[in-house]
Number of protein chains: 2
Amino acid sequence: MSYKIKSRIWIESDKHVLLGEGRVQLLKAIDKTGSLSKAAKALNISYKKAWNLLDSVNKSAKKPVTINSIGGKGGGGAELTDYGKSLILAFDEINKNCWEFLDKQLEKIERI
Amino acid sequence: MSYKIKSRIWIESDKHVLLGEGRVQLLKAIDKTGSLSKAAKALNISYKKAWNLLDSVNKSAKKPVTINSIGGKGGGGAELTDYGKSLILAFDEINKNCWEFLDKQLEKIERI
DNA sequence: TTTCGTTATATTTGTAAAGACATAACGAAA
DNA sequence: TTTCGTTATGTCTTTACAAATATAACGAAA
């Protein structure tokens with residue numbers, strides 16, 4: 001049969017997107033590199049796009065997801081808060097569970 | 001807390017989208033009205049957009065989802081095959097189950 | 001064989017999102 | 001107080017996608 005069920009999940013807060021796959025990817029890259037600009041380069045997106053995404057995340061979240069610092073010798077940087085780290089862990093787990101759930105549902109299509 | 005988990009699911013066949021929410025909505029409107037042009041009007045989308053969607057659906061599906069007829073007194077029309085009707089029923093059920101599943105997962109976010 | 005409301009298809013136009021580019025602001029360390 | 005690599009922000013350009021417009025093809029019934 002070879003039909004496949006695909007899905008996208010995201011978390012909203014007050015009608016605004018808090019987390020989706022792209023945002024989680026960005027947060028992981030920030031965690032790995034220690035800065036927003038390096039994360040943008042790693043993901044091959046413009047700094048501006050990355051900044052807009054991160055700004056949107058922090059504006060939608062109930063608590064700060066990253067701590068951003070400007071200036072200083074190295075120029076500053078960005079790092080995830082414990083809250084941010086917990087969020088991406090939870091998102092990943094839910095996403096994985098969703099895939100498994102949908103895989104099981106596929107047989108309903110295959111029976112047709 | 002008021003975070004919400006949202007989702008979009010779709011069925012692919014060989015890398016092409018077969019069914020998503022918009023396509024299911026269109027197929028339902030065809031079933032109700034008996035024609036593609038009437039369905040497009042009901043959904044307030046252009047006939048061309050509707051035709052492209054339906055064409056894509058029928059090209060991706062293993063068996064015809066609609067039977068389209070040109071010409072004749074009334075001008076022809078379109079109607080769902082039994083296969084098409086079964087597909088949208090299955091899609092709706094899976095989608096509903098997915099929502100319920102994700103609602104349960106939400107507590108993992110709220111615990112943070 | 002004319003009429004009619006469809007399906008089918010091409011072409012042009014408009015618009016919103018993405019991308020490119022430029023630059024100001026910052027502040028710890030040297 | 002100068003330097004440096006960041007964060008922060010504005011503006012212009014491009015591009016992809018949606019929308020609008022136009023028209024051909026069809027064929028059963030009158």
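Quick caveat: nothing in here was measured; it's all calculated off a predicted structure. These values consider heavy atoms only, across backbone and side chains, with no hydrogens, waters or symmetry-generated copies. Numbers restart at 1 for each chain; the letters A, B, ... are given by sequence-line order, proteins then strands.
Under the 4.0 Å criterion applied to side-chain N and carboxylate O atoms, R111(A) and E107(A) are assigned as salt-bridge partners. Ionic pairing of D103(A) and K4(A) is not present here: no N-O contact between side-chain nitrogen and carboxylate oxygen is shorter than 4.0 angstrom. A salt bridge links K6(B) with E12(A); the closest basic N to acidic carboxylate O contact falls under 4.0 Å. A salt bridge does not link E100(A) to K104(A): none of the charged nitrogens lies less than 4.0 Å from a carboxylate oxygen.
With rounding to whole Å, L43(B) atom CG is found 16 Å from dA18(D) atom C1'. Taking atom CG of residue L54(A) and atom P of nucleotide dT9(D), one finds them 12 Å apart after rounding to whole Å. Atom pair N52(A):CG and dT7(D):C1' shows a separation of 13 Å (rounding to whole Å applied). Straight-line distance from the NZ atom of K49(B) to the P atom of dA22(D): 21 Å, rounded to whole Å. One atom, CG of N58(A), and another, P of dT7(D), lie 13 Å apart when rounded to the nearest Å. Between I70(B) atom CD1 and dA24(D) atom P the separation is 16 Å, expressed in whole Å.
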Item checked: Nucleotide-level pairing of DNA chain C, given in dot-bracket where Watson-Crick and G-U pairs need both distances under 3.5 Å and | marks other strands -> ||||||||||||||||||||||||||||||
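L102(B) and W10(B) sit in two unconnected hydrophobic clusters of ILVMFWY residues. Membership requires side-chain heavy atoms under 4.5 Å apart, directly or through other members.
Between W51(A) and dT7(D) there is no side-chain polar atom (N or O) within less than 4.0 angstrom of OP1 or OP2.
Put simply, the side chain of K108(B) reaches to within 4.5 Å of the side chain of E93(A), judged on heavy atoms. Residues K63(A) and N58(A) have side chains not in contact (no heavy-atom distance under 4.5 Å, counting atoms from C-beta outward). Using a 4.5 Å cut-off on side-chain heavy atoms (C-beta onward), L87(B) and V24(B) make no contact.
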Next item on the list: Check the pair D55(A), K48(A) against salt bridge (charged side-chain N to carboxylate O under 4.0 Å, His left out), reporting the backbone distance first and the verdict last.
Entry: CA-CA 10 Å; D55(A) 185 54; K48(A) 168 151 189 159; over 6 Å; no
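Using a 4.0 Å cutoff to heavy atoms of chain B, the contacted part of DNA chain C runs 5' to 3' from dC4(C) to dT11(C).
No contact: S46(B) has no heavy atom under 4.0 Å from any strand.
Residues L36(B) and G75(A) both approach DNA chain C. Their nearest nucleotides, taken by heavy-atom distance, put L36(B) toward the 5′ side.
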